[in-house]
Amino acid sequence: MLGVSREDSDDELGTDDYPWEWIYESAEEQDAPAEPSAEDEDGITSRKRKRASTIQKQNRIVGARMNDFECALGDTVLLKAEGSHEAWIGIIYEFLEDEEGEKAANFMWFSSEKEIPNKEKKRRDFLENELYITPSSDINSLTTINGKARVMSQQAFLKRYPNGKIPRKSKEFGKVFICRRGCNTRTCTYTDEFVWEDVFHGREDIETLRDVVKNGTKATRKRWAKLAKEKSPERDYAMGEEDDDDAVVAGLRTPKRAKTTRDAVTPGSRRRRDKSAPGTPSSHRTIKIKKHLEFTPLATRILSPHHVQASPYQLARTQLHVASVPTSLPCRESEFSLVYSHLEAAITDGSGTCIYISGTPGTGKTATVREVVSHLDAAVRNDELDDFIFVEINGMKITDPHQAYSLLWEALKGQRVSPAQALDLLEREFSHPSPRRVPCVVLMDELDQLVTKNQGVMYNFFNWPGLRHSRLIVLAVANTMDLPERTLSNKISSRLGLTRITFPGYNHEQLMRIVQSRLEGVPGHIVDPDAVQFAARKVAAVSGDARRALDICRRAVELAEADYQTHTEKTMPATPSKRGRGATEDGTKKKGSSGRVTIETVRRAINEATSNPLQLYLRSLPFAARLLLTALLMRTQRSGVAESTFGDVLDEMHRMLKMVITDENSSRPLHLLLNPKGGGTADLYAANGISGNGNTMRRPAGLSIAAVDLTGAGIINLEGQKPERPSKVRLAVGDDEVRLAFRDDPEIRALGVHL
Ligand SMILES: Nc1ncnc2c1ncn2[C@@H]1O[C@H](COP(=O)(O)OP(=O)(O)OP(=O)(O)O)[C@@H](O)[C@H]1O
């Protein structure tokens with residue numbers, strides 16, 4: 001927004017509301033010298049053409065009038081920004097009527113230096129009253145026009161105001177500006193200096209001016225190299241004029257990145273670690289400096305224990321771990337390119353969009369989105385794409401869905417405000433134009449968890465991308481396909497026009513490829529291909545969940561490693577090997593059947609996971625106890641602390657139940673939804689007055705007994721063994737055990753909960 005205070009600029013249009021009228025091109029203008037004359041060899045054709053062009057011209061809108069105020073194409077005007085004391089300046093590029101038939105214009109924006117968000121890259125030589133002409137434009141109602149402004153070169157300005165300032169009392173104060181450069185405020189690229197009067201005289205130069213600004217502000221690496229040198233000539237940058245790949249001024253082009261979810265793994269984390277400072281939300285500062293090679297004298301070189309090569313088992317375990325970021329995502333190529341092309345198009349056009357991604361757990365939804373963002377991030381750094389902000393909001397990691405507003409506002413502006421304030425600010429932000437608005441990509445993960453009583457949060461995040469000025473790109477990720485319909489009604493959700501992408505579960509061949517790709521580079525062939533196939537088939541038969549397949553294979557590697565160690569201890573002399581246990585010269589394992597992951601090892605891993613006494617006990621629990629444990633687990637995940645109060649857990653449980661009970665659109669009776677075989681669950685609720693609107697929900701029967709029993713069995717610790725709201729409660733067994741026991745429980749899954 002421009003630094004022009006509206007209190008300073010008197011409203012030329014007065015306060016009365018007169019209607020705006022169009023001014024069409026008049027017949028006299030057809031002979032204007034700017035128009036090419038129709039001189040033909042054939043006089044008749046020439047006359048015909050002339051008449052057709054006159055009709056066309058007479059329909060062309062070249063200006064607009066309101067009472068005695070007039071403005072025309074190519075005029076520079078002041079616009080009032082609602083909700084703000086500052087004004088905007090733009091050149092009228094085109095007149096048109098918007099979708100609602102309201103008279104509007106497309107304005108090509110000027111921008112002040114204050115609007116350039118990148119403090120590191122922006123020029124320091126700006127003048128008072130200087131504006132940059134930008135390549136961005138926006139359509140706005142004519143009612144936002146507040147008067148005329150003038151733009152001129154520095155020379156012309158100084159001629160008019162020799163001390164470089166416009167007196168406060170002058171009628172021209174806040175209305176006359178200098179322009180000597182174009183600037184893309186998003187990428188912070190400037191054109192070369194020009195003389196305004198040479199490049200722009202009015203309407204006939206608009207297209208040329210647009211081209212000058214567009215082409216002149218295309219960032220190139222070379223330009224950045226030059227700029228970086230200008231900024232700090234004494235530094236020895238790791239690039240020459242012909243900079244190579246690694247020699248990019250690292251981070252200069254990295255999009256602003258706001259990481260608001262606790263311990264979220266950022267998509268580009270690997271790449272960024274190489275190129276820019278870790279953890280900086282906007283790594284624009286990081287500049288690689290060529291370092292002289294430093295030699296450590298041989299005598300003082302000491303090998304640290306960390307330098308000992310990791311064993312193949314360690315490597316396999318790490319790579320199979322679900323938290324490790326794979327280098328590629330096999331079997332998700334088409335989903336990747338769909339999401340990529342939508343995002344790239346929206347960022348390039350500066351438009352908003354909402355993509356609804358659904359699929360059962362472990363189908364690579366989050367991983368794919370992060371991978372896409374990381375590629376877009378790379379494109380930004382290669383100057384192939386405009387900057388964008390990325391923020392992840394995970395429904396599971398916020399205690400109140402309304403916090404999503406605060407997180408989004410913080411990502412956009414870096415300010416922390418309350419959810420109510422943030423909502424107000426966001427509403428205002430998205431309904432007003434801004435030439436400097438950087439597109440913002442929001443990943444709303446675990447959307448199911450953001451369901452509120454009146455669905456306001458979800459509605460807003462779906463609705464904002466459709467607002468003309470928002471430049472908001474929402475990627476909503478959920479497990480169920482019909483969440484918008486279920487929670488927002490069919491009418492609203494069809495109006496929102498979401499782009500939907502469904503991630504199908506993986507089949508066994510795909511799961512095999514996924515696991516095998518994670519094992520690439522692990523030496524020693526410690527995992528039999530048959531074993532991978534066996535694990536993949538077992539998982540695909542139930543869920544098509546890559547997370548499960550990876551977990552099973554990882555556990556199988558642990559078992560094989562333990563076997564190997566026992567075997568080596570038995571066959572090796574008592575003194576431990578200097579190389580560390582199990583490692584041979586080249587870091588690979590010794591051959592032999594023990595120590596390899598075979599079908600048998602996988603079978604053991606599956607059995608172990610599903611049939612230890614604790615698992616058997618958990619699975620055999622009555623529904624109330626399973627529900628209680630699930631709610632406790634969800635609460636712990638959400639709050640990030642192990643201890644909750646019994647009351648918090650009950651609230652969590654009600655939230656889970658509400659999702660199902662308020663399923664008004666569902667034709668399935670509640671009891672069938674909860675328990676396909678019918679019976680138990682419905683009886684449990686019905687007997688306790690749990691009704692359709694969720695408000696009369698009371699504590700399901702048997703919860704108190706279940707809490708006491710679980711405490712007695714050492715599954716939970718409940719303060720004083722009293723199932724009362726203030727009592728502290730925590731899990732006494734591992735989260736993983738509970739997750740594993742209930743992950744495929746149909747009744748728990750029917751609640752929309754995935755563990
Ligand atoms: N195609 C794939 N290639 C390699 N790894 C994959 C693939 N798909 C999923 N994974 C891995 O499986 C695990 C789960 O994936 P992800 O979290 O993306 O699933 P999701 O669909 O978002 O699941 P949820 O709905 O539970 O959040 C991650 O470790 C991810 O890296």
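All values below were derived from every heavy atom in this structure, side-chain atoms included, with hydrogens, water molecules and symmetry-related copies excluded. Order of appearance sets the numbers: ligands from 1, and atoms from 1 within every ligand.
The aromatic rings of His402 and Tyr405 lie tilted to each other, with the angle between the two planes from 30° to 60°.
Where the criterion is an N or O separation shorter than 3.5 Å, residue side chain and backbone included, Pro326 fails it with respect to ligand 1. The distance criterion of under 3.5 Å between nitrogen or oxygen atoms is not met by His321 with respect to ligand 1. Polar contact check, Thr368 against ligand 1: no nitrogen or oxygen pair lies under 3.5 Å apart.
Here the side chains of Thr630 and Val738 are not in contact, with every heavy-atom distance at 4.5 Å or above. At least one side-chain heavy atom of Leu632 sits less than 4.5 Å from a side-chain heavy atom of Leu731.
At least one heavy atom of Tyr506 sits closer than 4.0 Å to an atom of ligand 1. Contact analysis puts Pro330 in contact with ligand 1, with a non-hydrogen atom separation below 4.0 angstrom. The shortest separation from a heavy atom of Arg518 to ligand 1 is under 4.0 Å, placing the residue in contact.
Closest to atom 4 (C) of ligand 1 by heavy atom, among Thr327, Ile357, Ile514, is Ile514. The closest heavy-atom contact to atom 19 (O) of ligand 1, among the options Gly364, Cys331, Ala549, comes from Gly364.
The distance from atom OG1 of Thr348 to atom CG of Leu343, rounded to the nearest 0.5 Å, is 10.0 Å.
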**Request:** Take Ser374 and Asp377, measure what side-chain hydrogen bond (donor to acceptor under 3.5 Å, both in side chains) needs, and give me the verdict at the end.
**Result:** CA-CA 5 Å; Ser374 133; Asp377 186 346; over 6 Å; no
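Heavy-atom minimum distance, Arg638 versus Gly395: NH1-O, 3.1 Å.
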